[in-house]
Structures are given as structure tokens and as C-alpha cells.
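The next block holds one structure in the form of C-alpha cells; read it before the comments.
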Amino acid sequence: MIAFVSGPVAALAPTLAVIEVGGVGMAVQCTPNTVAGLRTGETARLATSLVVREDSLTLYGFADDDERQVFELLQTASGVGPRLAQAMLGVHSPDALRLAVESGDEKALTAVPGIGKKGAQKLLLELKGKLGAASAVVGAQRAAASGPAPWTDQLTAALIGLGYAARDADDAVDAVTPQAEAAIAAGGSAPVPQLLRAALQSLNRTR
């Protein structure tokens, strides 16, 4: 397996990068987000996954090893090939996909071209527990354990880290505040990971 390629960027297209490796131009299929981070003539390193078919060898490239790992894990679900897996990563970051699976977020998956409601439901069942924990949730758990920061700050930072606008993050925090206050009133602390999932569901309902 070719784990990565590294070298000058020889050419770029919307979903393709050509990396010169030892005098050979390696054509690497990439998401538009990955291509956007590359510059012709500059040296780049892409994590890669080689997909072998009877009539083709296709190299898929990723910004980091985490993206590649999620790409390969997505293909363990029935009906998910490399093109659909890459399309999913073109719409969502690895952590956003993990959160979608953990929270049963159908709308997040149906935002990917080629995935309908029934397909999203099937994927949520098949991928449950396979992609690992989202780092935003893990970070929130650690912050809650050590926490000088209030739960509102932890939650807002996690949402912004997942790509939501500050105003949307504030609205989502407001939406889950009663849930947090009920937990605190019962003698506990605000359950930040659960609140994060509830906030994401609130944001998806307002799309």
C-alpha cells in the first residue's frame, strides 16, 4: 500500500492533484477542501489510500492520516465505495461525521450527494461505534473534568471548532441551557458531551 506521497505539486484540478515523486507524476484524487490547501510548485505531503480494481488503480489523497482512516472505515459499510466515502469527507470533516453517527444525525448524511433518507438510516446503523469518538467531544469531556471554563464556553468552543458560526453556536447554547440548568439543579454538573449532541440536533433542525 502507498501510505503517503510527498513532493512538489505539479498540477491541480478541482478534485485532483498531481504530485511529482521521484520524477513521476502521481495523480491523486482529493476532495476540493484538500486541493484548496495545495499550491502548484510547492512541496506537499498527502496521506493516501490505494484502491485496486480489476481495470484500474486509483490513489486517493487526504490532508492527514485521520481523514484517510475515516475514508477506509466508511467503506466497511455496505454500499459505500471510495467515491461516496470521499464525497462524505468532501462535505463533512472526520469529526463532523463521527458526531453525526454518534448522535444519529440523518440530515448531516443526507447533505452528502448520493445519500437519501433510507441510505442515511442504514449508514447510521452500520457505522455506529466504528469511526471512534469525535475529538470535540473528547476535548469537551477533558475540559469538563479539569474545567475552569464554564460549560457554555466549552460548548461554544466545540461548536465553533466544528465549523459553525459564532451566532449559530450561541443560539444552540441557548437552546440547551434548560437541559444544563436542570442537571445542575439536580446536584450534578452540566453534561457537556450530551449537551453538544443536543446542540448539534438543534442546529440541524434550523437548517
Side-chain angles (χ1 to χ4, degrees), residues 1 3 29-31 33-34 47-51 60-145 151 154-164 168-169 172-173 175-176 179-180 182-183 188-207:
M1 175 181 163
Q29 298 289 328
C30 304
T31 66
N33 287 339
T34 299
T48 56
S49 179
L50 180 63
V51 176
Y60 290 85
F62 310 92
D64 54 42
D65 292 336
D66 186 39
E67 270 195 4
R68 177 184 61 197
Q69 182 181 31
V70 171
F71 171 80
E72 293 172 349
L73 289 172
L74 289 171
Q75 293 175 72
T76 64
S78 59
V80 178
R83 290 187 181 278
L84 183 56
Q86 191 175 56
M88 294 170 76
L89 285 166
V91 175
H92 298 295
S93 69
D95 269 354
L97 284 171
R98 291 184 178 108
L99 282 169
V101 171
E102 289 172 10
S103 61
D105 186 354
E106 287 181 23
K107 287 186 178 180
L109 294 188
T110 56
V112 178
I115 299 180
K117 184 174 181 179
K118 288 185 178 179
Q121 292 171 344
K122 185 178 180 182
L123 285 173
L124 289 173
L125 288 173
E126 291 194 25
L127 293 173
K128 189 73 173 179
K130 287 187 176 181
L131 301 185
S135 62
V137 174
V138 173
Q141 288 173 327
R142 290 174 180 168
W151 70 267
Q154 297 171 32
L155 191 55
T156 300
L159 290 168
I160 291 173
L162 289 169
Y164 289 96
D168 292 337
V173 169
V176 301
Q179 182 180 338
S189 58
V192 175
Q194 291 90 334
L195 291 172
L196 179 57
R197 294 187 182 94
L200 287 167
Q201 291 171 350
S202 171
L203 286 165
N204 289 326
R205 283 195 295 270
T206 59
R207 283 180 183 173

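Being a predicted model, the structure only gives us computed values, none of them experimental. Sequential numbering from 1 along the given sequence is applied to the chain's residues.
Here the CG-NZ distance, from L109 to K107, works out to 13.0 Å after rounding to the nearest 0.5 Å. Between atom CE of residue M88 and atom CD1 of residue I115 there is a gap of 4.5 Å, rounded to the nearest 0.5 Å. To the nearest 0.5 angstrom, F71 atom CZ is 4.0 Å from F62 atom CZ. The CG atom of L124 sits 11.5 Å away from atom CD of E102, with the distance rounded to the nearest 0.5 Å. Atom-to-atom distance recorded for E67:CD and T31:OG1 is 5.5 Å, nearest 0.5 angstrom. To the nearest 0.5 Å, the span separating NE2 on H92 from CZ on R98 amounts to 14.0 Å.
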_Audit row: K118, K122, side-chain contact (heavy atoms from CB on, under 4.5 Å) steps and yes/no_ = CA-CA 6 Å; K118 288 185 178 179; K122 185 178 180 182; over 6 Å; no
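Considering only heavy atoms from C-beta on, Q69 comes within 4.5 Å of D66 through its side chain. P94 has its side chain out of reach of L131: every pair of non-hydrogen atoms, C-beta onward, lies at least 4.5 Å apart. The side-chain heavy atoms of Q29 and V51, taken from C-beta on, include no pair separated by under 4.5 Å. Taking 4.5 Å as the limit, some side-chain heavy atom of L89 sits within range of a side-chain heavy atom of V70. Side-chain contact between L97 and L74 is present, with heavy atoms from C-beta onward closer than 4.5 Å.
No more than 12 heavy atoms of other residues, nucleotides or ligands shown are found within 6.0 angstrom of NZ on K117.
S78 and E126 are linked by a side-chain donor-acceptor pair at a separation below 3.5 angstrom, with hydrogens and angles left out of the test.
Minimum interatomic distance between A180 and L195 (heavy atoms only, all atoms of both residues): CB-CD1, 3.7 Å. Contact record, A77 with L123: CB-CD2, 3.7 Å, taken as the closest heavy-atom pair. Pairing each heavy atom of G61 with each of Q86, the nearest pair is O-NE2, 4.4 Å. Between L99 and L196, the shortest heavy-atom distance links the atoms CD2-CD2, 4.5 Å. Across all non-hydrogen atoms, the minimal contact from S103 to Q201 is O-NE2, 3.3 Å. Contact detail for A199 and V176: the closest heavy-atom pair is N-CG1, 3.6 Å.
Take D168 and apply the side-chain hydrogen bond (donor to acceptor under 3.5 Å, both in side chains) test, not counting sequence neighbours, and it matches no residue.
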